[in-house]
Protein chains: 2
Amino acid sequence: MTARAASERAPQPAEPAPWASVRERLRARGLRWTPQRRVLIDVLAASTGHVTGSELVDRCRAVDPATVPSTVYRALDVLEELGLVSHSHGHDGREEFHILPDAAHGHLHCTRCRRTWELPAGEAAELTIGLHDARGFSVDLSHLSVGGLCADCRGA
Amino acid sequence: MTARAASERAPQPAEPAPWASVRERLRARGLRWTPQRRVLIDVLAASTGHVTGSELVDRCRAVDPATVPSTVYRALDVLEELGLVSHSHGHDGREEFHILPDAAHGHLHCTRCRRTWELPAGEAAELTIGLHDARGFSVDLSHLSVGGLCADCRGA
DNA sequence: CGCAGTATTGCACGGTGTTGCAACAGCGGG
DNA sequence: CCCGCTGTTGCAACACCGTGCAATACTGCG
Ligand SMILES: [Mn+2]
Ligand SMILES: [Mn+2]
Ligand SMILES: [Zn+2]
Ligand SMILES: [Zn+2]
């Protein structure tokens, strides 16, 4: 079969650039490339959008059953510092990670239907600029999560 | 001694009106006035500002060592429905209760120094109005907590 | 004052993270 | 290829809450 030969020869199974360079970026900071971090990177590279912390732990465990939660959470902290993920909190306070955030944005959460939407920086500009000018406060937009009722759920 | 007679005669030790009427408000809804709820009310009446959930549990335990956390949290849910407390989440996701919120407001949290400030409705008006008009989304301001760096901490 | 009906409690357990610490293992250098 | 320095891991324990369920106890009523 040619399938096997092809898979052996393939350089990388189409991993987006940011993930490919993680190893170098870690080492450049004196940090290390470990099997546990590799598993998490693989999981993240195969995911998109928003995922909760415990869901990521589960997915890592699916790859390596020996996975331990604290290691995953600590690795996520490191990746957040590299800007590869960002987290905010759902209405119940649970962490939600956003993978490869393209641009800083907040999140909208409907209390009733539990759906979430992204809140582009533009729609929060008045708040962030206002707080900056009035108080010198610099809002961390990516951590902002706004709860309330969506249009649909207000019909009740 | 007159002290004893005085304390017996005293109508109420200056409990603000809202707390005095809790019992009636509960009963009006078919809910009950229990010793556990009374302890929490006493604790709340003696507190002001913002307190975390676990801190309230501790204070209740100081009054009644038999206090059980789940009961306190469930009682807080009830009181929140009555509008006597409201909660938001700190940067770490922990609950912070605001006692007798006079007016709806959000909270500002500095990630570095851990201080918090109130965010009056006016300062968030553009956001809430904007989301209302653009998306029909009705923001729950009291649950909103905005993280970032305060003016002081930006000098770093 | 005792009853019945229903709200509430306590308990035990599960979920989601966080932290201190000793053992371990990348990784650069000899 | 082995050493040693440090960054990491795994473990165990802890913190903060939520939930299902059976036992309990408010409350209004007779
Ligand atoms: Mn909440
Ligand atoms: Mn957070
Ligand atoms: Zn909704
Ligand atoms: Zn600060």
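Order of the sequence lines fixes the chain letters, A, B, ..., with proteins taken first and strands second; residue numbering starts at 1 for each chain.
Other residues, nucleotides and ligands contribute at most 12 non-hydrogen atoms within 6.0 Å of the CZ atom of A:R112.
The interatomic distance linking B:R61 (CZ) with D:dC17 (P) rounds to 13 Å, in whole Å. The nearest whole Å value for the distance from the CG atom in A:L56 to the C1' atom in C:dG17 is 13 Å. When rounded to the nearest whole Å, the span between CG of A:L26 and P of D:dT8 equals 8 Å. The NE2 atom of B:H89 sits 13 Å away from the P atom of C:dG17 (whole-angstrom rounding). Atom-to-atom, CG of B:L76 to C1' of C:dT9 comes out at 15 Å; the value is rounded to the nearest Å. For the pair A:R37 CZ and C:dA25 C1', the computed distance is 12 Å after rounding to whole Å. The separation between B:R38 atom CZ and D:dA25 atom C1' is 17 Å, rounded to whole Å. Following rounding to the nearest Å, B:R27 (CZ) and D:dA25 (P) show an atom-to-atom distance of 18 Å.
Positionally, the nearest nucleotide of DNA chain C for B:D64 lies more toward the 5' end than for the other of B:D92 and B:D64. When each of B:P35 and B:E55 is assigned the nucleotide of DNA chain D bearing its nearest heavy atom, the one mapping closer to the 5' terminus is B:E55. Both B:F97 and A:T34 sit near DNA chain D, but only A:T34 has its closest nucleotide nearer the 5' end.
Side chain of B:R154 to backbone of A:G136: a donor-acceptor contact under 3.5 angstrom is found.
At the phosphate of C:dG10, OP1 or OP2 sits under 4.0 Å from a side-chain N or O atom of B:Q36.
When distances are taken from the side chain of A:Y73 to each of C:dG5, C:dT16, C:dG26, the shortest belongs to C:dT16. The side chain of A:E95 sits closest to C:dG17 out of C:dG17, D:dC11, C:dT9. Here the nucleotide nearest the side chain of A:R32, chosen from D:dT6, C:dT18, D:dT9, is D:dT6. The side chain of B:W33 approaches D:dT27 more closely than any other nucleotide in the set D:dT27, D:dT9, C:dT9.
As judged by a 4.0 angstrom heavy-atom cut-off over every strand, B:R94 is placed among residues touching the sugar-phosphate backbone only. Within the nucleic acid shown, B:S54 comes within 4.0 Å of sugar-phosphate atoms alone, with no base atom in reach, counting heavy atoms only. Using a 4.0 Å heavy-atom criterion, one finds that B:G30 contacts the sugar-phosphate atoms exclusively. Within 4.0 Å of B:S70, counting heavy atoms only, lies at least one base atom of the nucleic acid.
Two rings, from A:H50 and A:H98, have their centers less than 6.0 Å apart.
With values rounded to the nearest 0.5 angstrom, A:L108 atom CG is found 8.5 Å from A:T116 atom OG1.
The side-chain contact (heavy atoms from CB on, under 4.5 Å) test with A:H87 is passed by exactly one of A:E96, A:R94, A:E80: A:E80. Of the options A:H107, A:H89, A:H105, a ring pair (Phe, Tyr, Trp, His ring centres under 6.0 Å) to A:H143 is made by A:H89 and by none of the others.
For D:dG20, the base has a donor-acceptor partner in the side chain of B:R74 [N/O atoms by modelled type, under 3.5 angstrom].
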